[in-house]
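Excluded from the calculations below are hydrogen atoms, water molecules and symmetry mates; all remaining heavy atoms, backbone and side chain alike, are included.
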Amino acid sequence: HLDQVRKDILENTDALKKENEQSPVPFQQKAPSKDSILKRYQVNILVDNCNTKGAPVVVEHSPTYYNLVGQVEYTVQFGVMSTDFTMIKPGAALRANGGYLVIHANEILRDYYAWDALKKIAHYRQIKIENIAQRYGFAPTMGLKPQPVEVNLKVVLIGNPLFYYLLYSYDEEFSRLFKVKADFDTVLPYTQEHIHQYIAFFAEQCRTEKHLPFDNTSIARLLDYSNRLSEHKQKLSARLLDMADLMRQADYWARTEEADVVTHAHIDRAWNEKIYRSQLVEEKLDEMIEEGTIRITTTGEAVGQINGISIIDAGDYVFGKPSRITARTFVGKGGIVNIEREAEMSGRIHSKGVYILNGYLGGKYAQNKPLALSASIGFEQLYEEIEGDSASSAELYCLVSSLADVPLRQGIAVTGSVDQNGNIQAVGGINEKIEGYFDVCKRRGLEGNHGVLMPADNVKHLMLKEEVVEAVQEGAFHVHAVHTVAEGIQILTGMPFGEPLPDGTYPSDTFNHKVDIRLATYAEVAEEFEGKKETDE
């Protein structure tokens, strides 16, 4: 390079001796000026890592094609576009050469050309800076064509696991170029080490954002809310951004009250204010329940009717809402009719839960007689699609109540899925479900006969708000954790469930005896009807 510079200087000695002259005639072509010749001898440093310690780490938040690869810039003079080698600009991939390039998957996938260029860089290990229009033959004029630059870097894509699975399935080059996958959990084990790290995070937030001091009670309450976000008593949430937002809001309310320190009361207020800003839909539904537009019975008893609890996700806010479930049984061979499925309002998982009820009834009551049963189960005044099997135990209680003609307590709402053996299984959103039903009962007045029947396997997930905990401690509200259908029936009806005798029947004073007698009657009626039908034919 220096030899070429020396040769060029000797060839342009006369021009270098002259001072820059202004052409007297505009737009007249003139000899190269001294400045334009000297510019050829400059060096365009694309990347300077002299002060970088260790390998460079570049996080590109806007991975467009040019931000990733680099570009050749142009200037316009008198309507003419011009460029030179000093206007070659590097991209993030070149700045990360010898180190790591970190990119958000959802950002780069929005730009097809950038994603295609990234794969080429990873495959050929070189960067070719070029105008994208020239690359596809759309440029009317030719510009500079810098030589490809050899690179050695690691590309780290971060994002939702969904992007990984989609790319792995639909982009055949992805699995060959990106071979290492690392999953990061959203929860942490509740250990002393993690608690200390969590508290260190709180302290760092206070220092960097100049919050008021947080006392011991506020730290304890922050850890409680971290438990709640993780939906597990023995876990801490790894959603540190949400915890940082809660600290900012608590600090605001403490300053509003002119307090010297942030206490647990300020944490609670910040949490409650956040809920208040998002709960308009919940308030409207509670209002319709309170005025009777949506019929929810929370007192007395009823046959073939029970309150299930569904979850409504409003984006930034999730809450529970009771739903009235009813069942009717009669003689037939149609099995259980899922009204939501027939109306195409039932998801696949919910439909699976209803089919499981058929298996439970057949295995429990049809060992010595045919199951001549037809039944219909429906969610009353529910007009959106139903998904999930968390209401399958409530549907089963409702169904066998109709068969036995035994009323169920309407003050107790039910959640939990059931298997074919009658075991109650864990469900999601247990805290929101209990609190949603509690709010409905509270509006009507807690009389000590209200509560929720939930799976025992969900006890470890309970992180209820303080108001509900106090009501349970005072006996105004009850949370019943059950393992089996038998335990649930005894709570809902007050009758013993009943175990089968050696001859396959049940004791006369049990719930199962009433169900068994009704199904035996259905079987006899069906047999007589079939016999009469054959005689008539």
Yes or no on side-chain contact (heavy atoms from CB on, under 4.5 Å) for Gln234 and Lys460, after CA distance, side-chain angles and deciding distance? CA-CA 8 Å; Gln234 301 302 319; Lys460 57 181 173 290; over 6 Å; no

Take Ile267 and Asp224, measure what side-chain contact (heavy atoms from CB on, under 4.5 Å) needs, and give me the verdict at the end. CA-CA 11 Å; Ile267 302 294; Asp224 286 342; over 6 Å; no

Residues Val155, Leu177; criterion side-chain contact (heavy atoms from CB on, under 4.5 Å); working and verdict: CA-CA 10 Å; Val155 179; Leu177 297 175; over 6 Å; no

Counterpart residues, side-chain contact (heavy atoms from CB on, under 4.5 Å), relative to Glu487 (two or more places apart): Val482, His483, Thr484

Should we say atom NZ of Lys369 is surrounded by more than 12 heavy atoms from elsewhere, each under 6.0 Å from it? yes

Near Phe201 CZ, under 6.0 Å, is it more than 12 heavy atoms from other residues, nucleotides or ligands? yes

More than 12 heavy atoms from other groups under 6.0 Å of CG on Leu241: no

Between the CH2 atom in Trp253 and the NE2 atom in His266, the distance rounded to the nearest 0.5 Å is 10.5 Å

So do Leu109 and Leu167 actually touch side chain to side chain, heavy atoms under 4.5 Å? yes

Please tell me whether Asn512 and Thr510 have a donor and an acceptor in their side chains that are separated by less than 3.5 angstrom. no

Evaluate whether atom NZ of Lys514 has more than 12 neighbouring non-hydrogen atoms of other residues, nucleotides or ligands under 6.0 angstrom away. no

Quick check, are the ring centers of Phe174 and Tyr164 under 6.0 angstrom apart? yes

Is it true that Ser218 and Asp215 share a donor-acceptor pair across their side chains at a distance under 3.5 Å? yes

For Trp271, which residues count as a ring pair (Phe, Tyr, Trp, His ring centres under 6.0 Å) partner, sequence neighbours excluded? Tyr225

Return yes if some donor-acceptor pair links the side-chain N/O of Ser226 with the main-chain N/O of Ser237 below 3.5 Å, else return no. yes

Is the count of non-hydrogen atoms from other residues, nucleotides or ligands lying under 6.0 Å from Glu172 atom CD greater than 12? no

Return the orientation label for the His461 and His232 ring planes: parallel under 30°, perpendicular over 60°, tilted otherwise. perpendicular

Is a donor from one side chain sitting under 3.5 angstrom from an acceptor on the other, for Asp419 and Asn423? yes

Can you confirm whether the side chains of Glu193 and Thr191 place a donor and an acceptor under 3.5 Å from each other? no

